[in-house]
Amino acid sequence: MSPITERSFESGYHAPVMVAEVLDAFTGADTVLDCTLGGGGHSLALLETGASVIGIDRDADAIAEATARLSAFASSGSFRAVQGDFTRVDEIPGLRGESFDGILADLGISSSQIDRDERGFSFRPGVVLDMRMSASGDSAADVLNGATLEDLTRIFRDYGDEPRARRLANEVVRRRGTREFVTADDLVGAIRGAFGANAGPSDFARLFQAVRIAVNDELTGLERALPILRDMLTPGGSMAIIAYHSGEDRIVKHAMRAWSTACHCPPRQPICTCGGVALGALVTRKSIQASPDEVAHNSRARSARLRLWRKAA
Ligand SMILES: C[S@@+](CC[C@H](N)C(=O)[O-])C[C@H]1O[C@@H](n2cnc3c(N)ncnc32)[C@H](O)[C@@H]1O
């Protein structure tokens with residue numbers, strides 16, 4: 001796995017990542033779907049170019065924050081916020097059948113989600129293990145207290161890039177036998193118990209991120225969403241996806257590459273039924289990373305990977 005880790009858990013900086021690159025990719029776009037509205041930074045930049053934007057977020061706090069920030073654009077009719085899960089965009093009333101010149105997803109969690117202790121994403125002492133982006137479903141504590149040893153091993157290995165995943169999973173199971181996991185301290189304690197006192201913030205960030213990905217089913221959702229979003233692009237429209245995790249980035253890379261080859265039938269399908277015409281093209285062969293200048297000013301940009309794809313006209 002590549003060494004992409006979650007954006008740092010430092011707080012206080014809320015600048016959106018790679019805005020110039022996204023604006024460049026969406027040059028001339030009249031309509032944009034921002035699948036991950038967050039604080040509305042990317043949407044604001046796009047609205048300022050004159051585009052109309054619909055912003056989705058599954059988090060009610062993000063919808064409230066961005067709605068307040070972008071209220072002038074909402075009043076003029078160029079912006080609308082929709083609370084929902086973009087991985088189920090086809091089920092969101094009012095969006096089914098819509099098409100857009102640009103579709104953006106800036107994956108993961110926002111600064112304000114990390115900063116708010118009550119959301120339970122951080123490993124700061126005393127934070128209750130929640131990590132749900134929306135208010136429903138199992139929390140991080142539920143996963144840590146209820147998942148099987150096998151599932152915990154898979155979460156730490158596949159989502160946390162952790163070679164000693166089994167050891168950590170064993171430690172979680174051993175500890176929860178005497179006391180349930182409730183706060184971040186319990187998971188930090190298990191990580192230290194499994195790996196020794198040398199385990200530090202970068203381990204906590206990576207392994208907390210692994211639990212968050214499991215809690216929100218982020219990779220499965222992304223895989224489901226990509227072809228649906230692709231089909232929502234107008235001919236010649238562009239898709240921009242910013243990933244902070246190697247597993248997410250790999251899913252985006254494989255999907256965009258497959259859509260850009262002449263035959264994009266499922267790999268195991270014996271006969272080509274797609275007509276052998278590429279659906280579109282990669283804008284750049286490799287992912288785009290934030291400039292050294294942006295990384296110097298915004299540490300969260302360090303692990304960001306932007307991939308761009310353009311639908312055939
Ligand atoms: C990195 S932040 C986006 C920041 C945003 N681009 C900005 O400029 O402020 C990611 C946001 O996506 C939201 N999100 C993550 N997965 C989602 C999903 N499946 N559906 C809807 N929103 C999602 C999170 O709640 C969070 O607010």
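Along the sequence shown, residues carry numbers from 1. Computed from a predicted model, the values in this text were never measured in an experiment. Both counts, for ligands and for their atoms, begin at 1 and track the order of listing.
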Ligand-residue contact atoms, ligand 1 with Gln113, heavy atoms, under 4.0 Å: 24 (C), 25 (O), 26 (C), 27 (O)
Any N or O of Tyr244 closer than 3.5 Å to N or O of ligand 1: no
Distance-only N or O hit between ligand 1 and Phe86, under 3.5 Å: yes
Heavy-atom side-chain proximity of Asp101 to Val32 below 4.5 angstrom: no
Heteroatom distance test (Thr87, ligand 1): nitrogen or oxygen, under 3.5 angstrom: no
Asn198 side chain reached by Arg192 side chain, heavy atoms, under 4.5 Å: no
Atoms of ligand 1, numbered as shown, that sit under 4.0 Å from any heavy atom of Cys35: 21 (C), 22 (N)
With sequence neighbours excluded, residues passing side-chain hydrogen bond (donor to acceptor under 3.5 Å, both in side chains) with Arg132: Asp130
Any Glu218 heavy atom less than 4.0 Å from ligand 1: no
Whether Gly40 lies under 4.0 Å from ligand 1, heavy atom: yes
Test item: Phe79 and Ser52 side chains (from C-beta on) under 4.5 Å apart, heavy atoms: no
Heteroatom distance test (His42, ligand 1): nitrogen or oxygen, under 3.5 angstrom: yes
Ligand-side contact atoms (ligand 1) for residue partner Gly108, heavy atom cut-off under 4.0 Å: 10 (C), 11 (C), 12 (O), 15 (C), 24 (C), 26 (C)
Sub-4.0 Å atoms of ligand 1 with respect to non-hydrogen atoms of Gly84: 20 (N), 21 (C)
Ile242 touching ligand 1 at heavy-atom level, < 4.0 angstrom: no
Ala66 heavy atom under 4.0 Å from ligand 1: no
Which of the ligand 1 atoms, numbered from 1, are nearer than 4.0 Å to a heavy atom of Ser110: 2 (S)
Of Asp217, Thr87, Asp90, the residue whose pairing with Arg224 passes side-chain hydrogen bond (donor to acceptor under 3.5 Å, both in side chains): Asp90
Heavy-atom check, side chain of Pro201 versus side chain of Phe123, under 4.5 Å: yes
Over 12 non-hydrogen atoms of neighbours within 6.0 angstrom of CD in Glu180: no
Atom pair CD/CG of Glu150 and Leu152 - distance to nearest 0.5 Å: 9.5 Å
Any Leu37 heavy atom less than 4.0 Å to ligand 1: yes
Side chains of Glu162 and Arg157 in contact at under 4.5 Å (non-hydrogen atoms): no
Numbered atoms of ligand 1 (with element) below 4.0 Å of Ile109, judged on heavy atoms: 1 (C), 2 (S)
Trp309 side chain reached by Leu226 side chain, heavy atoms, under 4.5 Å: no
Nearest neighbour of atom 24 (C) of ligand 1 from the list Asp57, Asp59, Leu104, on a heavy-atom basis: Asp57
Heavy-atom check, side chain of Thr49 versus side chain of Phe26, under 4.5 Å: no
Results of side-chain hydrogen bond (donor to acceptor under 3.5 Å, both in side chains) for Ser287 - residues two or more places apart only: none
Subset of ligand 1 atoms that lie under 4.0 Å from at least one heavy atom of Leu107: 1 (C)
Ligand 1-proximal atoms of Met133, by part, heavy-atom distance under 4.0 Å: side chain
Student check: side-chain heavy atoms of Phe208 and Ile191 closer than 4.5 Å: yes
Close approach, Ser111 and ligand 1, non-hydrogen under 4.0 angstrom: no
Ligand-residue contact atoms, ligand 1 with Gly41, heavy atoms, under 4.0 Å: 7 (C), 8 (O), 9 (O)
Candidate with minimal heavy-atom separation from atom 9 (O) of ligand 1, of Gly39, Pro16, Ala60: Gly39
